[in-house]
Amino acid sequence: MTSRPAILIARAVFPEVVARLREHFEVETNDLDAPFTPVELAQRLQGKQGAMTTGSERIDAALLAACPELRIAANIAVGYNNFDVPAMTAAGVLATNTPDVLTETTADFGFALLMATARRVTESEHFLRAGLWNRWALDMFAGAEVHGSILGILGMGRIGQAIARRGAHGFGMKVIYHNRSRLDAATEAECQASYVSKDQLLAQADHLILVVPYSAESHHAIGAAEIAQMKPTATLVNIARGGIVDDAALAVALREKRIAAAGLDVFEGEPKVHPDLLTVPNVVLTPHIASATLKTRRAMADLAADNLIAFFTRGEALTPLN
Ligand code: 8YV
């Protein structure tokens with residue numbers, strides 16, 4: 001018998017973070033780092049009061065009913081569509097996420113993907129690696145201009161604003177955005193961003209980047225009809241969540257050159273990727289790495305750990321969602 005709370009760390013995390021958690025809790029880890037099935041997760045959570053999760057672990061009503069001792073789930077992610085927050089609240093389980101610590105890093109990557117997409121970086125690299133480069137040509141891999149173009153942002157939270165600042169201040173872009181609620185005038189001025197309707201955003205953007213949280217409302221927010229509203233020269237970047245874009249419709253649009261190119265870090269049903277996206281050349285594909293710098297991933301794990309420690313020692317978490 002122990003009086004210390006018991007927690008499950010559902011995926012492999014930095015040893016230093018595990019060591020810190022062991023100072024406070026009885027800790028079970030997943031050293032193989034294979035994602036648990038829902039049944040395995042419920043089994044591992046038996047007798048646990050806390051869970052450290054990632055986007056791979058779903059905390060929903062069925063899981064909560066099977067794990068009555070659970071009191072907190074600390075997500076190592078700012079997005080929390082793997083949590084059914086109303087069900088957690090009803091079950092008296094605290095939910096936490098990791099905002100702020102990944103904002104600038106994720107915005108950096110959004111820009112990296114935008115530039116790789118617009119300037120055809122991976123497409124031209126594949127060409128070179130395949131030994132196809134035997135002469136220089138004036139129009140070879142000529143892409144879309146980034147500086148001075150129109151940057152459209154769907155979802156203007158912390159990361160959207162950080163992308164806007166990069167576009168406006170670093171690349172002299174005209175920034176337009178659409179969001180459920182309009183930003184206050186001071187924030188708009190600081191980001192040099194103008195609020196437009198979703199239709200205007202689609203029609204005007206040279207480069208459209210998606211940074212909106214996933215919800216029933218944002219499911220397939222970009223499908224065939226929305227892509228049809230975009231300029232044929234436009235690019236589309238998704239660093240938000242799979243499911244916001246209808247990947248099958250996007251693959252068709254890319255193949256038919258209805259838009260110039262896309263950059264995707266997230267996918268419907270990832271880690272599976274729609275097979276048609278793997279065969280179209282004008283798409284840059286990355287495996288959900290927008291927040292992946294060592295410093296930021298460590299900061300995310302540390303914040304999730306701090307949430308668990310603060311909750312069990314002081315009764316309140318640092319970044320609660322409910
Ligand atoms: C995470 C993310 O790495 O924070 C988020 O919402 O998408 C990424 O930064 C990923 O969700 C793993 O939990």
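Counting starts at 1 for both ligands and their atoms, following the listed order. Computed over heavy atoms, backbone and side chain alike; hydrogens, waters and symmetry mates excluded. Count residues from 1 along the sequence.
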Novice: For the residue pair H178 and Q200, confirm or rule out a side-chain donor-acceptor distance under 3.5 Å.
Specialist: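 No, because no side-chain N or O of H178 sits under 3.5 Å from a partner of the opposite role on Q200.
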
Novice: Are the charged groups of D302 and K295 less than 4.0 angstrom apart, N to O?
Specialist: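 Salt bridge flag = no for K295 with D302.
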
Novice: Show the protein residues that qualify under the rule heavy atom under 4.0 Å from an atom of ligand 1, listing them in chain and number order.
Specialist: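 The answer is T54, G55, I76, A77, V78, G79, L102, R241, H288, S291, R297, M300, counting any residue whose heavy atom sits under 4.0 Å from ligand 1.
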
Novice: Taking all non-hydrogen atoms of both residues into account, name the closest pair between D247 and H274 and its distance.
Specialist: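 The pair with the smallest heavy-atom distance is CB-CB, 4.2 Å.
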
Novice: Any non-hydrogen side-chain atom of I239 less than 4.5 Å from a side-chain atom of T286?
Specialist: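 They are not in contact (no side-chain heavy atoms under 4.5 Å apart), so the answer is no.
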
Novice: Under the rule for side chain to side chain donor-acceptor pair (under 3.5 Å), what residues qualify as partners of D84, not counting sequence neighbours?
Specialist: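 Result, side chain to side chain donor-acceptor pair (under 3.5 Å) vs D84: none returned.
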
Novice: How about NZ on K198, more than 12 heavy atoms from neighbouring residues, nucleotides or ligands closer than 6.0 Å, or not?
Specialist: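 Count over threshold, so yes.
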
